[in-house]
Amino acid sequence: MKRKFLEDLGLEADAIEKIMIESGKDTTALKAKVDDLTEQIAVKETTITERNNKIAELEKVDVEAIKKEQFNLGKAEGSKEIEVFKKQNALDKALQGYKAKDASILSKMLDIEKVKFNDKFEIVEGLEEQVSTLKESHYYLFDNDNPKPQFTGNINQPKGNAITKEAFQKMSYKDRVALKNEQPEVYQNLKNE
């Protein structure tokens with residue numbers, strides 16, 4: 001509202017001053033509200049612009065290419081795992097042919113890089129030399145064809161009552177049976193003690 005308008009209405013100067021002060025308060029409050037709303041709009045427009053830019057960047061990303069790349073990467077890793085599995089399986093089978101007692105322990109002792117496989121995962125070279133060396137240095141890891149020692153003959157125990165009660169108690173069942181068959185009197189004496 002303008003002062004000239006109020007003066008033309010014939011209002012007193014004091015009344016005009018009060019009206020102008022009150023009108024100024026309302027105008028100031030409305031102006032502050034407009035400034036606040038203008039600032040909020042500016043912030044929202046900035047946010048919208050930033051998000052639109054991000055959307056534009058994301059639209060440039062070729063999702064199908066990423067899917068294909070990840071698929072090929074997974075396929076390659078899976079193929080490597082299958083290849084390692086097939087090689088280990090062929091190695092375990094070959095080690096059984098060498099009469100390995102525990103193929104998993106023996107395969108950890110081998111240099112797999114020196115073992116060559118063909119396209120059917122059959123061992124072509126590099127294993128024989130390593131296994132021969134291991135048979136010499138770690139013979140206990142392999143079964144051998146040598147017969148186990150067999151003990152034959154009688155148990156040579158001293159005659160008479162030379163076997164102590166302690167020795168009798170430590171004897172195996174088989175040894176006790178042999179003692180009973182060979183020296184029944186000694187056996188009975190030790191059993192009754």
Regarding Glu185 and Asn189, is there a side-chain donor-to-acceptor distance under 3.5 Å anywhere?
no
I'd like to know whether CD of Glu166 has more than 12 heavy-atom contacts from other residues, nucleotides or ligands below 6.0 angstrom.
no
Note, Asp35 side chain near Glu39 side chain (heavy atom, < 4.5 Å)
no
Assess the side chains of Glu57 and Asn53: does a donor N or O sit below 3.5 Å from an acceptor N or O?
no
Backbone N/O of Met171 and side chain of Asp175: donor-acceptor pair under 3.5 Å
no
Establish, yes or no, whether the cationic atom of Arg176 lies under 6.0 Å from the six-membered ring centre of Tyr187 and within 45° of the ring axis.
no
Using a 3.5 Å distance criterion without hydrogens, assess whether the side chain of Thr46 forms a donor-acceptor pair with backbone atoms of Ala42.
yes
Lys/Arg-Asp/Glu bridge criterion (N-O < 4.0 Å) met for Lys67, Glu64
yes
Return the minimal non-hydrogen interatomic distance between Ile163 and Leu190, and the atom names on each side.
O-CD2, 3.2 Å
Identify all side-chain donor-acceptor contacts of residues 96-104 below 3.5 Å with residues at least two apart in sequence or on another chain.
from, atom 1, to, atom 2, distance (Å)
Tyr98, OH, Glu128, OE1, 2.6
Lys99, NZ, Asp145, OD1, 2.4
Lys99, NZ, Asp145, OD2, 3.2
Lys101, NZ, Tyr140, O, 3.4
Asp102, OD1, Ser104, N, 3.2
Asp102, OD1, Ser104, OG, 2.7

Under a 4.0 Å N-O cut-off, is there an ion pair linking Lys87 with Glu83?
yes
For Lys165, does the NZ atom have more than 12 heavy-atom neighbours from other residues, nucleotides or ligands under 6.0 Å away?
yes
So, do Ile41 and Glu45 sit near enough that their side-chain heavy atoms are less than 4.5 Å apart?
yes
Within 6.0 angstrom of Gln169 CD, more than 12 heavy atoms from elsewhere:
yes
Identify the two heavy atoms, one from Gly126 and one from Val115, that lie closest to each other, and give their separation to 0.1 Å.
O-CG2, 4.0 Å
Nearest atoms (heavy-atom pairs only) where Gln130 meets Asp111:
OE1-N, 2.7 Å
For Leu11 and Ile16, the nearest pair of non-hydrogen atoms, with its separation, is O-CD1, 3.5 Å
Any non-hydrogen side-chain atom of Leu141 less than 4.5 Å from a side-chain atom of Met109?
yes
